[in-house]
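Proteins get letters first, then strands, A, B, ... in listed order; numbering begins at 1 in each. Note that the coordinates shown come from a computational prediction; the quantities given were computed from them, not determined experimentally.
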Amino acid sequence: MSRRSRLSRWVLAGYCVYLILPLYWLLTLALRSNADIAGVFELVPSNPTLANFAEILTNPVWYQGFVNSISYVLLNTLISVSVALPAAYVFSRYRFLGDRQLFFWLLTNRMAPPAVFLLPFFQLYSSIGLFDTPLAVALAHCLFTVPLSVWILEGFMSGVPTEIDDMARIDGHSFWFFFTRIFLPINRSAIGVTVFFCFMFSWVELLLARTLTGSEAKPIVVVMTRTVSASGMDWGVLAAAGVFTVLPGILVVWFVRQHLVKGFALGRV
Amino acid sequence: MLNVNNVRLSDSVTQGFDHGFAAGEMTVVLGGNQSGKTNLCRLLAGLPTQAAGEVWHGEQEWTALSPQKRSVAVVFQAFVNYPNWTVAQNIASPLLAQRVDDHERKRTVASLARTLGIDGLLERLPSELSGGQQQRLAIARALAQRADVLVLDEPLVNLDYKLREALVLELKTLLAETGATVIYTSTDPRDAFALGDQVMLLHEQCRVQAGTPLALYREPISLAAAHLMSDPGVNLLPGANRDSDKGCLAIRPEHVLLPGEADQTFADAKVFDMQVDSVERSGDETFVHGRVISNDNTTNEQHWVVRRPGMHSVSVGEMLALRLRGEDILNLALN
Amino acid sequence: MARIRLQEIAFTYPGASEPTLQPISLDIQDGEAFSLLGASGAGKTTLLNLLSGILPPTQGRIFFDDVDVTELPGRDRHLAQVFQFPVLYQSMSVAQNLAFPLTTRGSTLNREAIDKRVSAIAKELNIESILKRSANAISLFEKQLVAIGRALVRPDVSVVLLDEPLTAVEPSIKWRLRRTLKHVQDELGVTMIYVTHDQTEALTFAERVSVLADGQILQTGTPEAVYQNPAHQFVGHFLGSPGMNFLPSNAFPQPLQRSFVGDGDPETIGFRPESAGLTAPSEVLLSGIVETQRVLGTAQGRVVSMYGLRCGAAQVFVRSPASFACGDEVGIALQRWVGFREFLRVGSNGAE
Amino acid sequence: MAQNKTQDNRAWLGVLPVMLIVAFSGVIPLMTVVNYSVQDILDFNTRFFVGFEWYRETLTDPRFIDAFLRQLGFSAAVLAIEIPLGIVIARGMPTQGLRASLLLVLLATPLLIPWNVVGTIWQIYARSDIGLLGVTLNEMGFAFNYTAEPLHAWLTLLAMDIWHWTSLVALLAFAGLTSVPAACYQAAELDGASKWQVFRHVELPRLKGVLVIAVLLRLMDSFMIYTEPFVLTGGGPGNTTTFLSQYLATMAVGQFDLGPAAAFSVIYFLFILLFSWLFYASVMRSEEGS
């Protein structure tokens, strides 16, 4: 007996259309030149061009924007995951003084509004000379991605029975051998999902990225919001840039789709 | 000789016990659920546990040593294998830790896999094996370690009925050949008889009694000990013995004879009348349940189970004159 | 109460090459306690799902009291099922769980009739003390009792299916739940089908047992018939701990072989460990070498053991109060035997 | 987090790196914010203690209160629509097969798009001159222009947020539904339970745990929304759609009056702390319970 009642199936179909329309519209505008867009309103682009995409790939301002974004996102993901792995292992295997309070404190950091940290970050990073560098943004994002990684990894790791740790000790393996050759391989899909979520969170954020970068390390997200006002509304190029920022997520999400939901729920599902 | 001193299996226990496991001998630790069996296994293996106490292996004290530094192998109740390694890698795991050379390792893995009947599965992952095969893999890995002490914590309880019966016989010869000191925990008295050179009875985290299976079966010191050694538990004799709170009399279900069964009449036979309230036939045995009233008409009434081999035609509601030998009556302490 | 008839029921999972269930015919009487016994993977659960309407059969018909229910969904077959792990509505109390089946299907039962029915069932299973408690605040044993209560509370339930109901229960109190089930079955006269891999549970519960292997029923009969006169060598092996011993008939001395000749001239002789005695060796008896001795307990003061004997290539188990040492040669006196040809029973010396 | 774990304080070694990083990027900035929030800072070396003066000023600042009420209204509307819609969608989703995977990827797509691009997409989509939605609505006779009419701006913001985040609720609810064992459905079926009773007694109890997570996640994220409204309406028309984060951002970076901005930040953070504690307590209780 399928429990999917007719109503929910219709609503699902409707919502899918609701999701696809704006994305479709982004693509159509990205395929039309700015003049064409301003001209006649067309549902389907009559003479699509790839000029906007070419503009993005060649124009140094846009191109550099992508490179800057990718650099601090990768830096952030590397730091967060490598720092979160030992912490998540310890949280899932041991009870220790203040473990609950610490786990809660991490949550409050994940939930902290970025706006609150604009001011102090700006001052902190400029005082230690890190302003306008990818490292600044990477470290700033760690405030969110490290707690995110610890929660997700801990959620997955507590699914692995502790008897496996006992068995490795009884077999005579050193902790390091167990951690690298047994425990991490067992959790490789968890690590994959965590990397995906760190990448996405850091890739998506605008406020801190804009505040902590000047001209040198300006990421794509900032380039997009700034150019709108500077050279008038070049909608075509903006839409093309939008398509490029959407692509990384869609390409990777297929590989982590089984664990996607557990990642969104901070490992708690 | 493996000795444990002043063992308290949980923090709520104050009085510790000492026990010696003779080298090369197989001891079955028999006890119900939550009786402390797993805590004892973890204490011997050096794994973190509530249980406290000293562990001596010969002259060497193991109490403070980590599992890596003790020569102990363990088979857990849930089939614990490394999910990301193949069957061959799982068996080779302890050999890897002992830095055994490649050739020797391959040879040992192959021979153990053959002995445990999983040599056709060497390249498979544990998740592709059946329950029985996964536990055989865990046993093969424990044997590969060639440890002096081998601990098996209710290894067969999650297996199918027929599989369990076959593996118990196999384990008997396999474990004897290792020459290791074996500790095997179970809830089933049949395992105690089948595997145990020695038996240790645990009840509510305390050691109740220890000895050979037959000694414990014939002379249990307390009601709890008596219950553990037969399934279903012993029947309390109704009548006078109940009010004296320091002891009681009981009879094992298999020592009660149905009417017309006792071929030769024995001198000190005791007779009890039972009103049958249900009958169970399991093919090779018949279980008769009923209420027994003592013949010196005190109100004290007991529920008895009579277990007889073979098939017996008994109907519900019938009054039976049960006979039992005076010698079979057990004099038990109440605690 | 219902009489259940299966006519050539078979099932093959879509895309599977060979069938999970070969064609089966079965006739379960009204109010009978019936059990389905088989190792895991023998097809027991598939057959259960066919009965409960979860799976449609690939072929064959199912009749409840001569009504063809094959196409009928589970909810209209007036049956209930107790699962391996207690399945309760966690958000309800025990009493609400028991009452729930009576409030569905637009039932017209008023409040007072429901309460009467619920307390009747609770008294039957003596779980009145936990009626007020929430469903997930009681022990596993009590949860399974409530699940059984829920299956029996509906007056229109004619068949109760039990899928290995004792698995999650502690070994030491399994026999208590078994007795309750037996007692309730006698009391209410509901047709019950008990599915398990454990022979003790199957044989002690049921008036008739079907032994299932590789998707087909090898034998159906009373516990005594199935145990003493297995129709197939697998049934002999599967029942009993250890199972029936099997020896080629030519392994026996000549005089004995002549006595086997009967209807069907068996090529293999099977006998139970408890239906043979050990005595001094003699040419007229089968002889064996004692290999292992396993003490079982005592009877009338004498130690009873299960001896493992070597007879030529085969290993044989005999239960005996006599005492022998390993390596002794002994004679095996057969009291009861069953003859087989190509795995099927062709004769036996015991009463049918 | 509940499991049979051993007590061992040496475990702090594993947690130290995380402590250092998050302390550096979390605690130190927060301390500076609290520090500023109780001082009046004219320039780097002249500052003097003003106690809770800034807090009083912020809490009585009409613009703060407006932004706060707008924020509450927005979050309430978001929850009221997205939670039930998410559940209904989840109940319609197939459980296995290629269709289920493709649907999962489609539903996850909006969650993976940079927040400013979501703003841009809806900007393009809803503009009354070049937007598909804008033009269609106008053709249908509604004089729709979200840059001019506050009501239209609000509706577009809501539509965007629903487009952006409802799939999170749907995915979480779907996870809750798939954790219902098949035996529960079979038992309910044999009980003759109606569709509503199946939802009420079989699915809902299992959804409770997941829905609490969904509600709190959506509450916290919507409560601190900044980028999408900033890109779409820039807080306009006028400041009818200026939410807390944006107001704080303009104060903190724009006018450089550090004291009030810091006080505002601390108040904002305390609110988030309260919701986080609800999240943590409910998640931990459900794990102890299971």
**Asked** So which part of B/R42 gets closer than 4.5 Å to some heavy atom of chain A, the side chain, the backbone, both or neither?
**Response** side chain
**Item:** Pick from A/D165, A/I170, A/I186 with the largest number of heavy-atom pairs that fall under 4.5 Å of chain B
**Value:** A/I170
**Message:** Between A/H141 and A/E205, is there a side-chain donor-acceptor contact under 3.5 Å, judged purely by atom types and distance?
**Reply:** yes
**Prompt:** Does the side chain of B/H19 pick up a donor-acceptor pair with the side chain of B/R207 at under 3.5 Å?
**Reply:** yes
**Prompt:** Are A/S80 and A/T145 close enough that a side-chain donor and a side-chain acceptor fall under 3.5 Å?
**Reply:** yes
**Fill in**
Among B/L96, B/V74, B/L47, the residue with the most heavy-atom pairs under 4.5 Å to chain A is B/L47
**Asked** Any sub-3.5 Å donor-acceptor pair from B/Q60's side-chain atoms to B/H57's backbone N or O?
**Response** no
**Request:** Can you tell which part of B/S93 gets under 4.5 Å to a heavy atom of chain A, answering side chain, backbone, both or neither?
**Result:** both
**Interatomic spacing from CG in A/L266 to CZ in A/F197 - rounded to 0.5 Å** = 9.0 Å
**Item:** Region of B/V72 in contact with chain A, defined by heavy-atom distances below 4.5 Å
**Value:** backbone
